[in-house]
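Throughout, protein chains are lettered first and strands after them, A, B, ... in sequence-line order, and every chain is numbered starting at 1. Heavy atoms only: backbone and side chains are in, while hydrogens, waters and symmetry mates are out.
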Amino acid sequence: MRYFKLPDLGEGLIEAEIVEWHVKAGDTVATDQIMLAVETAKAIVEIPSPQMGIIEHTFGALGDTVHIGEPLVEYQGENDSVSIVGNLSAQPLNVSHSDSNSSTKADSAQKKNDNFSVSVGFAASSIKAINASPSVRGLASRLGVEVEHITGTGEGGRITPDDVEKASRLNEQHGQSEKLTGVRKSMAKVMIKSHQEVVPVTLFGDVPLAAGCGLLKKNSNVTVVLSKAIAYACEKQPALNVWFDGENLTRRLLDFVDLGIAVDTDQGLFVPVLRQVQARSEEDLIAGLAALKEAVEKRNIPAAELMGATIILSNYGSLNGLCRYGTPIVVPPMVAIVGIGAIYEHREDEKTVPISLTFDHRCVTGGEAASFMGYIVEYLTR
Amino acid sequence: MNSTTVTNLLETTGLERNEHKIIEHEVCLLEAVNLALANAMKNDERVVLLGEDIGTNGGVFRATEGLQSTFGSARVMDTPLAETTIAGAAVGMAVAGLKPIAEIQFMGFIFATLEHVICHAARMRNRTRGRLTCPLVIRAPFGGGIHAPEHHSESLEALFAHVPGLRVVIPSSPARAYGLLLAAIESPDPVIFLEPKRLYRAEKSMLIDDGKALPLDTCFTLKEGSDLTLISWGACIKECLSVAEKLQDDVSIELIDLVTVKPIDFSTIAASVKKTGRCVIVHEAAKTCGIGAEIAAYIAEHLMPACKSPVKRLTGFDTVMPYFRNEQHYMISELDIADAITVTMKSDF
Amino acid sequence: MMPHDFHSYLAQQQTLLNQQYLIEPVQYLSNTGEMLHETERANDKALLIQGYRWMNLVRAFDQKAVALQRTGIIGTYPSSLGQEAIAVACGMALEKEDVFVPYYRDHGTLLVRGHLMEHLLLYWGGDERGSAYRAENGSVIDMPICVPIATQASHAVGIASALKIQKKPQAVLCTLGDGASSKGDFLEALNLAGSWHLPVVFVINNNQWAISVPRHVQSGAPTLAQKGSAAAIPNIQVDGNDFIAVYDVISQALARARERKGPVLIEAISYRLSDHTTADDASRYRDQEQVDNAWKNEPIKRLQHFIYNQGYWSKELETKLQNECQKQLEEAVQAYQKIEAEQPEAMFDYLYETWPANLDDQVGVCSEKYLRNREGSSL
């Protein structure tokens with residue numbers, strides 16, 4: 001292609017701000033080579049080149065806002081390729097009438113391909129549409145109400161002046177509402193989906209820790225030890241390390257453990273994935289975990305690193321020493337999540353770690369879950 | 001006159017009238033209009049047609065050929081010779097829940113409809129705060145270049161574009177005419193649909209009769225380029241496309257078909273001019289207060305930093321189009337367009 | 001039949017034409033309320049009382065509206081003084097699902113259709129919402145007040161066509177003034193109605209004046225009704241100030257149209273006892289003497305005499321009626337004054353089903369402008 005335009009960033013985002021250019025005119029780029037970084041409401045996104053080529057021209061300076069469909073980069077020497085709406089095949093299918101008379105026209109008949117693309121303007125404007133008339137929007141702006149935060153009670157979900165006035169009163173009494181964005185918004189969506197689909201059951205257990213066990217060792221990384229425990233349990237009881245398709249009622253038993261690690265940050269909840277836990281050494285896992293956490297803090301964790309977990313570990317005990325038990329949420333297509341509470345002293349010199357294991361009862365039986373928990377305990381107490 | 005019309009197709013492909021089969025055709029713009037009308041009438045019983053000579057005669061350009069025999073004279077109505085009442089009756093029908101498509105035989109005769117279009121069609125929703133609406137379509141062949149008598153060559157899209165509450169849509173190819181006419185018919189708002197008569201039978205291209213409407217309120221990009229943005233609509237697209245292809249070794253031209261002349265999609269124009277920095281606007285209509293002025297004003301207001309040269313408008317003169325003997329001296333030729341492009345490429349501020 | 005003398009042939013034609021229209025307009029009550037011809041309607045006590053009550057309410061509303069304009073509460077207003085019989089007869093003859101296509105002097109009919117007074121005041125007070133309401137006894141597609149003269153006639157034939165296509169049994173009633181009868185729209189609409197045999201009744205309120213142009217200058221034809229003949233539409237004149245006659249003629253014409261027997265053109269002869277609108281001063285172009293004489297023919301007094309004499313009405317009922325009218329008016333004016341103006345951005349709300357995103361920046365400009373004006377900033 002000759003022009004690379006800002007692609008659809010998903011999540012209803014229609015624009016991004018250019019924060020860094022990695023290439024300039026004249027550079028040769030390889031496929032997937034990062035050309036620029038843009039910032040959206042959600043994260044900083046690095047944009048790779050979709051093809052090999054030489055940059056003819058870049059569009060936009062640092063700080064410029066670019067909309068979906070607007071050009072970012074022009075490549076040298078390529079032919080125009082237009083995303084086609086009207087490009088129809090040259091072969092007619094069903095027309096069998098005789099052409100003999102129509103070709104007698106002096107100015108008639110040149111068969112043509114009709115190429116055209118529906119342009120930028122339409123794409124951007126259709127995403128923007130808010131179901132509120134101009135006068136309602138005007139009223140909202142004068143009352144300091146965000147129209148995007150209101151559910152309309154009018155016909156077809158239209159926002160009415162009453163809706164706006166009600167929202168205004170709420171704002172006056174209780175303060176402005178804020179729109180969930182980015183990570184917080186993702187979390188809300190994931191949790192809604194989970195609640196709609198999953199049939200959760202949580203098993204609670206207290207694991208007595210013998211002195212000298214892995215978890216209590218001075219230099220041990222609690223998360224990594226737990227990860228290994230989970231990997232062990234997954235090997236022994238694979239029913240909790242599957243991907244389950246609730247619609248088609250199929251499950252896929254997995255022979256590897258990609259463990260999602262719940263990480264709480266200022267922006268919200270991230271769940272980066274520690275890959276192949278069953279095959280890696282503890283040192284390797286410690287390093288991997290550190291790298292993931294750093295990437296999360298710097299807000300440059302690639303989307304790929306947040307996807308594909310087979311089971312999740314949520315160590316909420318590390319957040320607050322009082323938290324022992326919980327009902328952590330299973331995220332489809334996974335079927336289990338292991339929650340770890342704060343290690344407490346059950347009796348003098350007897351430390352206990354509380355475990356809350358939630359499983360999706362559509363796919364996992366109580367027996368399987370119980371035995372899984374047993375294997376975790378086995379690993380931790382060996 | 002033979003053409004791929006509904007009647008011919010039904011006969012030769014042996015389809016039942018109500019059979020919903022998707023057919024691919026090689027058609028000209030006029031036939032595309034006919035197919036769109038047939039499709040709309042088949043799928044929505046509220047759609048009715050009215051106009052002079054559109055029933056038995058199938059329209060003086062044959063745009064409505066075969067439709068009265070297919071759908072009956074209650075839905076395809078020949079009117080007395082009275083453009084004012086054609087428009088006024090269309091307003092009444094639209095208010096009463098039908099979807100009327102009125103044909104005005106030539107744009108040169110559309111002026112008698114202005115009172116109803118401007119005072120009523122464009123305002124009915126506003127006047128009644130949405131209680132009543134006026135989803136009508138007025139179709140008219142427009143533009144010159146067919147050696148027609150006086151009053152048969154008008155291009156006054158700017159008149160309608162100036163009216164709040166109207167949409168003005170101008171196709172430039174069979175596929176676009178088909179999809180845009182369907183969109184105009186589906187629209188809950190009144191639409192003036194101007195068909196460039198010079199393109200009616202000029203070229204055939206492929207069209208799928210699937211009843212799918214194209215979007216309104218957006219430009220279409222016909223050719224991507226990097227040196228110059230060429231904006232036009234209607235019959236002039238033909239020459240613009242040809243020039244863009246002929247010059248492509250020297251100048252990389254991005255050709256934009258405005259399509260919806262009101263409300264104009266400025267996002268596409270802006271994205272293009274930001275890219276190229278140079279802009280030529282071509283329209284057959286007279287220069288003063290033509291749509292080219294609206295686009296040039298927008299570019300001056302919002303895109304000056306991106307411009308490498310002043311905007312160029314290539315338009316008709318502020319005269320009545322000469323009768324056909326001298327018509328060619330008014331019409332915009334490929335040479336005129338190439339000239340404008342060359343001048344723009346060379347010029348600086 | 002070849003005429004030897006071209007001029008005498010034409011003269012004969014003229015005489016014949018005029019003779020056709022020397023038929024007296026339909027009339028039952030004299031201007032002093034005496035029965036001139038027998039009619040069943042005279043025994044319909046309920047009808048006459050209802051008609052009388054409505055006419056009084058209409059006049060009270062009308063005079064109140066003029067007063068409101070003079071005190072700056074509403075804008076320019078066209079009074080219907082003296083034409084109440086036509087208005088009320090139209091309203092009472094229409095059935096709910098018939099479609100009413102008015103011009104701008106039909107307040108009476110709108111009230112009979114069930115529009116609220118405060119909504120009429122909204123319209124004349126300069127608020128579009130006045131035309132937004134469906135009348136309680138009206139069709140959902142009753143047309144709004146029409147200002148461009150006679151254009152409503154074209155709409156009426158369009159609606160009548162639609163009713164025919166949709167196989168609905170209702171009829172359309174279109175009103176217009178004597179001035180409008182000169183306009184192309186009217187003549188074209190008549191032509192179409194006749195050609196397509198449409199279920200529409202046209203009622204010309206011939207109140208003798210189109211602002212300052214008197215009837216005899218408006219047209220050289222001896223009657224306005226005969227314009228229907230050119231379209232092969234049966235036509236009839238009626239004394240527009242005789243409620244019984246107007247009601248009789250209009251209701252029969254509508255019934256006929258509903259039976260799909262075709263259109264009718266009715267010329268109701270009346271007199272505009274007021275100025276054209278509150279912005280007009282009729283004394284500039286007509287004599288007070290003419291107006292005073294016209295008062296003798298006015299519709300309310302003559303029906304009043306008749307119903308008194310028939311024993312349908314009494315002084316007590318009269319007083320009660322006038323008090324009720326005043327009360328209704330006061331409540332309506334109060335209700336009207338409580339209605340706040342729309343948001344300024346409302347001017348964008350209804351040009352399209354959805355305001356195009358392409359033009360969104362204008363809405364922002366309007367909001368800013370409103371804020372600036374509200375703060376009272378000046379140059």
ask   = At a heavy-atom separation under 4.5 Å, does B:Ala90 approach chain C through its side chain, its backbone, both, or neither?
value = neither
inquiry  = Around atom CD of C:Gln337, are there more than 12 heavy atoms from other residues, nucleotides or ligands closer than 6.0 Å?
reply    = yes
request  = Could you have a look at B:Ser187, B:Pro100, B:Pro190, B:Pro188 and say which one has the most heavy-atom pairs with chain C under 4.5 angstrom?
outcome  = B:Pro188
request  = Return the option, out of C:Ala346, C:Pro148, C:Ser154, with the maximum number of heavy-atom pairs under 4.5 Å with chain B.
outcome  = C:Ser154
query = Would you say the side-chain atoms of B:His120 and C:Thr151 include a donor-acceptor pair closer than 3.5 Å?
reply = yes
task = With a 4.5 angstrom heavy-atom cut-off, could you sort out which part of B:Leu166 is near chain C: side chain, backbone, both or neither?
result = backbone
inquiry  = In the structure I gave you, are the side-chain heavy atoms of B:Met77 and C:Ile165 within less than 4.5 Å of one another anywhere?
reply    = yes
ask   = Where on B:Thr260 is there a heavy atom nearer than 4.5 Å to chain C: the side chain, the backbone, both, or neither?
value = neither
task = Find out whether B:Thr128 and C:Tyr350 are in side-chain contact, i.e. whether some heavy atom of one side chain is under 4.5 Å from a heavy atom of the other.
result = no
note = One option among C:Arg134, C:Lys164, C:Met143 has the most heavy-atom pairs under 4.5 Å with chain B, and it is C:Met143
key: B:Arg167 and C:Tyr352, any side-chain heavy atoms less than 4.5 Å apart   = yes
remark   = Residues C:Met347 and B:Asn126: closest non-hydrogen pair is O-OD1, 4.2 Å
task = For each of B:Leu81, B:Thr133, B:Ile264, tally heavy-atom pairs with chain C at distances under 4.5 Å, and name the one with the top tally.
result = B:Ile264
note = If one checks every heavy atom of C:Tyr133 against chain B at 4.5 Å, the contacting part turns out to be backbone
Nearest heavy atoms of B:Met93 and C:Gly158, plus distance in Å = CG-O, 3.3 Å
Minimum heavy-atom distance between C:Asn358 and B:Asp217, given as atom pair plus value = ND2-O, 3.3 Å
inquiry  = Can you tell me how far apart CD (B:Glu301) and CG (C:Asp361) are? Round to the nearest 0.5 Å.
reply    = 9.0 Å
request  = Measure C:Ala160 against the heavy atoms of chain B and call it side chain, backbone, both or neither at under 4.5 Å.
outcome  = neither
note = Heavy-atom nearest pair, B:Leu132 first then C:Ile141, reads CD2-CA, 3.9 Å
task = Compare every heavy atom of C:Pro144 with every heavy atom of B:Arg127, then report the nearest pair and how far apart it is.
result = CD-CG, 3.7 Å
query = If only atom types and distance count, is the side chain of C:Glu188 paired as donor or acceptor with the main-chain N or O of B:Thr85 below 3.5 Å?
reply = yes
query = Given that the side chain runs from C-beta out, which part of C:Trp196 has a heavy atom under 4.5 Å from chain B: side chain, backbone, both or neither?
reply = side chain
task = With rounding to the nearest 0.5 Å, note down the distance linking OG1 in B:Thr84 to CG in C:Leu187.
result = 11.0 Å
Sub-4.5 Å side-chain heavy-atom contact between B:Arg129 and C:Glu342 = yes
inquiry  = Quick test of your reading of the model: are B:Glu115 and C:Lys183 salt-bridged, counting only N-O distances below 4.0 Å?
reply    = yes
Side chain, backbone, both or neither of C:Lys167 within contact of chain B (heavy atoms, under 4.5 Å) = neither
Atom of C:Gln166, atom of B:Ala96 and distance for their closest heavy-atom approach = NE2-O, 3.0 Å
query = Given that the side chain runs from C-beta out, which part of B:Ala122 has a heavy atom under 4.5 Å from chain C: side chain, backbone, both or neither?
reply = backbone
request  = Flag the one option from C:Val157, C:Asp185, C:Asn191, C:Val140 with the top tally of heavy-atom pairs under 4.5 Å to chain B.
outcome  = C:Asp185
inquiry  = Please classify the contact of C:Leu163 with chain B as side chain, backbone, both or neither, using a heavy-atom distance under 4.5 Å.
reply    = neither
